[in-house]
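Residue numbers count from 1 along this sequence. Scope of the values below: all heavy atoms of this structure, side chains included, with no hydrogens, waters or symmetry mates.
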Amino acid sequence: MKFLKLLRDRRAIETVEAAITLPIALLVMIATMNLGLVVFGQQAVQAAARHGARMGSVAQSCPACWAVREARGAIENAGTVQNPSVAILSGGGRAGSILKIRVTGEVPNFFGGLSALFPGLPEGPFQLKGEATFRQEGW
């Protein structure tokens, strides 16, 4: 009986609506932040790969060394990507040869713990990968 009285009261209905709406709004907000973090991280690894490949392609000595150093510095300055790694796929070296680099990393998944409740949600952090290819310059 007391519950029915609460349902007739206007303040009680507003409280029930807020109790239903607030968790959904928070989940949507956190999901949006997570998606933004993934997109920003993907852009960061791609930009780091491009920067490293470009710097390596114009280096006159040890282009792979320059590419790795510059890509590693760029991805660490981004600050969002965790566990970054840089790999040279093709080392360049002579004018006209190909220098290819891959930068990988991960960003946290705020919903990783919910994958048991909702199958299909990814578990663990999101894996990111960016690659860039430049032709070795020489003069």
Side-chain angles (χ1 to χ4, degrees):
M1 288 308 225
K2 204 169 204 179
F3 181 72
L4 292 175
K5 184 179 178 184
L6 283 175
L7 287 178
R8 288 188 200 122
D9 189 6
R10 193 74 172 145
R11 290 174 303 187
I13 290 176
E14 292 169 357
T15 305
V16 170
E17 288 174 356
I20 293 171
T21 307
L22 188 62
I24 295 170
L26 287 174
L27 280 174
V28 169
M29 186 172 55
I30 292 171
T32 303
M33 289 173 41
N34 205 75
L35 178 64
L37 193 62
V38 170
V39 170
F40 181 78
Q42 181 60 41
Q43 293 296 320
V45 295
Q46 189 63 44
R50 269 194 318 271
H51 179 69
R54 176 66 182 144
M55 292 297 109
S57 73
V58 297
Q60 293 299 306
S61 63
C62 192
C65 303
W66 278 91
V68 168
R69 187 178 79 189
E70 293 295 324
R72 191 175 311 279
I75 196 63
E76 287 173 358
N77 285 340
T80 304
V81 179
Q82 300 171 347
N83 303 323
S85 69
V86 179
I88 296 294
L89 304 177
S90 176
R94 294 184 328 269
S97 63
I98 299 294
L99 175 71
K100 187 170 185 177
I101 187 170
R102 176 184 296 148
V103 178
T104 59
E106 54 190 34
V107 294
N109 179 5
F110 299 138
F111 295 105
L114 295 177
S115 61
L117 296 173
F118 302 104
L121 284 179
E123 294 182 29
F126 291 102
Q127 303 297 320
L128 308 173
K129 176 178 78 168
E131 293 183 0
T133 303
F134 275 76
R135 204 169 278 288
Q136 182 70 38
E137 295 181 12
W139 47 84

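- The side chain to side chain contact (heavy atoms under 4.5 Å, CB included) check on L27 picks up F111, with sequence neighbours excluded.
- Here the closest heavy-atom approach between residue V45 and residue G130 is recorded as CG2-N, 3.9 Å.
- Taking CZ of R135 as the start and CD of E137 as the end, the distance is 11.0 Å to the nearest 0.5 Å.
- In plain terms, the two heavy atoms of A44 and V81 that are nearest each other are CB-CG2, 4.2 Å.
- In this structure, V103 is a member of the same hydrophobic cluster as V68, with clusters built from ILVMFWY side-chain heavy atoms closer than 4.5 Å.
- Taking 4.5 Å as the limit, some side-chain heavy atom of L37 sits within range of a side-chain heavy atom of T80.
- Q42 approaches K129 most closely through the heavy-atom pair NE2-O, 2.9 Å.
- Each of L22 and V28 belongs to its own hydrophobic cluster when Ile, Leu, Val, Met, Phe, Trp and Tyr are linked at side-chain heavy-atom distances under 4.5 angstrom.
- A donor-acceptor contact shorter than 3.5 Å links the side chain of Q46 to the backbone of E131.
- Taken from CZ in F126 to CG in N109, the straight-line distance is 4.0 Å, to the nearest 0.5 Å.
- The CZ atom of F134 sits 6.0 Å away from atom CZ of R54, with the distance rounded to the nearest 0.5 Å.
- Within the model, atoms CD of E70 and SG of C65 stand 12.0 Å from one another, a figure rounded to the nearest 0.5 Å.
- Shortest non-hydrogen contact noted between H51 and A74 is CD2-CB, 4.1 Å.
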Verdict with supporting geometry, T133 and L99, side-chain contact (heavy atoms from CB on, under 4.5 Å): CA-CA 6 Å; T133 303; L99 175 71; over 6 Å; no
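- Summarising the geometry of I101 relative to A67, their closest heavy-atom pair is CD1-O, 3.6 Å, with the distance given to 0.1 Å.
- Looking at heavy atoms from C-beta onward, P84 lies out of side-chain contact with R72 at the 4.5 angstrom threshold.
- Here the CG-CD1 distance, from L35 to I30, works out to 14.0 Å after rounding to the nearest 0.5 Å.
- Connection of I88 to I75 is established within a shared hydrophobic cluster, with ILVMFWY side chains joined at heavy-atom distances below 4.5 Å, either directly or through further cluster members.
- Annotation: side chain of V107 is not in contact with side chain of N34 (no heavy-atom distance under 4.5 Å).
- The two residues A59 and W66 have their closest heavy-atom pair at CB-CD1, 3.5 Å.
- Sorted by first then second residue, the side chain to side chain donor-acceptor pair (under 3.5 Å) pairs that include residues 83-97, not counting sequence neighbours, are N83-E106, S85-T104.
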